[in-house]
Amino acid sequence: MYLEATGGYDLLTADAERAQLCAIVELRRDRWRALLDAPTHEIVRAWILSPEADAARPLEAVTLLRERWTSASSSRSDGAARSDGAARSGGEEAALAVDALDLDGVLADRLEAVITAAPELVGQPVPALEIGAKLRRARNRFACSNLRLVVRMASRHADGRMSLADRVQEGNLGLLMAVGRFDPERGCRFSTYAAWWIRFAITRALVNRGRSVRIPVHLHAIVGQARRAEQTLRAELGREPELDEVAAAIDVSVDKLVDAREAMDTRIIGLDEPGREDGALGPALVCDGMSEREAAIDDRRNLAVTSEVFDVLDPMERDIIEQRFGLRGAEVMTLGMLGKRYALSRERIRQLQNRALDKLRVAVVSSPVGATAYA
């Protein structure tokens, strides 16, 4: 049904494609002009200057707006004579600069959500929201005309680990990224640009979700480089290359190459699948040696280690760790919730959490009880 629906959208000519892309680019810039202008200017400004925007992305766009509004406030406090329109950073220059940084429209979409939740704008026409809806409709119409490109590229990446439907949907995500990032002024066809993003989305999905046990991307890259190097060396040497020759050709250690190949050769074995001469694998993994007495001893030892090492933390760090991981009956809190509690940004809370965890690791290793428990 999906493939039949995909074929129902007309393909675009070069002129029609360029016209629609230019319209999408202009709508994107119009949305930023409206976001940085009345009646949403003050709402956007307040949110950008709030700690909540510290975790927003792209951070470069947030920083740009903050710098503009901070400099505008400083100029007014110094007595510079500026009109209200000039004091705002919602002009043409600001809209173009922020749009160039917010390529995927993530920050603009977040600001639309903030504006929608603003009680003072309920029942009022908001140009930014209207333009945002037009942009999404135009972007979806254009993407639908290129769905067949995604299907064709997904079928080329045949892989038993992921179905065609899943590969197509991953490719559609790459297509949407290409629509948001494409610049028609570059002079090339959209399909040439979008093919890279579609291929990237599909191959990255195969790497990250194509296996039950995820293999890191850099190990995939090492195996691919080794395969190409083997072909080149085989042609140059006239024989099968040695392992150390392949490793030297791709500039990695022999151990790293062996680890990468072993990781790629791993497979999932069911517990009821015969894996031994004496029967299935599951019964062989059962440990009958741990008695209740030994388990209780381990629990008491872990409690002693925890109680001792927590003394190395200051009260704030201890509270953050307890609230983040729900220790000692505490309710689990997010970084944002802890940030509001201490009037700090999410990033600062994350830094304090990581510092406290580092202290705990060092304390566990240096503790006599911990050294015995985790030797």
Side-chain angles (χ1 to χ4, degrees), residues 3 6 11 14 103 146-178 181-183 186-282 284-285:
L3 296 178
T6 299
L11 296 177
L103 295 176
N146 290 274
L147 291 178
R148 276 177 279 191
L149 172 63
V150 177
V151 175
R152 185 165 68 250
M153 297 195 65
S155 59
R156 293 177 183 174
H157 291 77
D159 193 299
R161 296 170 296 169
M162 183 175 287
S163 65
L164 175 62
D166 289 337
R167 298 198 305 272
V168 167
Q169 295 305 322
E170 295 293 342
N172 286 341
L173 296 177
L175 173 64
L176 293 176
M177 292 186 68
R181 291 168 174 256
F182 184 70
D183 184 1
R186 297 285 184 175
C188 67
R189 287 296 299 268
F190 174 76
S191 57
T192 305
Y193 177 80
W196 190 93
W197 282 105
I198 296 171
R199 187 184 307 110
F200 170 79
I202 294 174
T203 54
R204 182 53 61 92
L206 290 173
V207 170
N208 289 335
R209 293 186 290 279
R211 295 172 178 264
S212 299
V213 178
R214 179 182 177 273
I215 306 299
V217 176
H218 72 279
L219 295 183
H220 282 266
I222 289 175
V223 172
Q225 293 171 5
R227 189 180 298 114
R228 291 189 293 271
E230 282 183 338
Q231 296 176 355
T232 303
L233 292 173
R234 192 179 298 116
E236 294 176 353
L237 302 175
R239 59 175 174 81
E240 289 296 326
E242 300 292 338
L243 187 63
D244 56 345
E245 294 174 336
V246 177
I250 62 176
D251 195 23
V252 299
S253 65
V254 175
D255 293 340
K256 190 71 173 180
L257 179 57
V258 172
D259 291 342
R261 286 181 169 178
E262 290 179 351
M264 295 297 294
D265 291 338
T266 55
R267 67 184 185 92
I268 302 300
I269 299 178
L271 294 179
D272 57 349
E273 179 179 343
R276 295 157 45 94
E277 295 180 358
D278 55 350
L281 189 62
L285 299 178

Discussion item. Contact between Leu175 and Leu147 at the side-chain level, heavy atoms closer than 4.5 Å - yes or no?
Written reply: yes
Nearest-0.5 Å distance, [atom1] of residue [X] to [atom2] of residue [Y]:
X: Leu173; Y: Met177; atom1: CG; atom2: CE; answer: 9.0 Å
X: Asp255; Y: Glu262; atom1: CG; atom2: CD; answer: 10.0 Å
X: Ile198; Y: Asn172; atom1: CD1; atom2: CG; answer: 8.0 Å
X: Leu164; Y: Gln169; atom1: CG; atom2: CD; answer: 10.0 Å

Please name all residues satisfying salt bridge (Lys or Arg N to Asp or Glu O under 4.0 Å) with [X], sequence neighbours left out, ordered by chain then number.
X: Glu240; answer: Arg234
X: Arg261; answer: Glu230
X: Glu242; answer: none
X: Arg239; answer: Glu245

Practice prompt. Report the C-alpha separation of Val150 and Thr6 in whole Å, then their side-chain angles, then the decisive distance to 0.1 Å, and conclude whether the side-chain contact (heavy atoms from CB on, under 4.5 Å) test is met.
Written response: CA-CA 10 Å; Val150 177; Thr6 299; over 6 Å; no
Worksheet item: Once the angle between the rings of Phe182 and Tyr193 is folded into 0 to 90°, is it parallel (under 30°), tilted (30 to 60°) or perpendicular (over 60°)?
Response: tilted
What is the minimum heavy-atom distance between [X] and [Y], and which atoms define it?
X: Ala249; Y: Ala229; value: CB-CB, 4.1 Å
X: Ser155; Y: Arg152; value: OG-O, 2.7 Å
X: Ala194; Y: Leu149; value: CB-CD2, 4.4 Å

Fill in: Partners meeting side chain to side chain contact (heavy atoms under 4.5 Å, CB included) with Val223 (sequence neighbours left out)
Arg227, Ala260, Met264
Discussion item. Holding to side chain to side chain contact (heavy atoms under 4.5 Å, CB included), I want the full list of residues that pass it with Arg199, two or more places apart in sequence or in another chain.
Written reply: Met153, His157, Ala195, Trp196, Thr203
Item to complete: Using the side-chain contact (heavy atoms from CB on, under 4.5 Å) rule, take Ile222 and Leu257 through it: C-alpha gap first, then chi angles, then the decisive distance, then the call.
Response: CA-CA 7 Å; Ile222 289 175; Leu257 179 57; 4.0 Å; yes
Worksheet entry | Under 3.5 Å: donor-acceptor pair, side chain of Arg167, backbone of Ala154 | yes
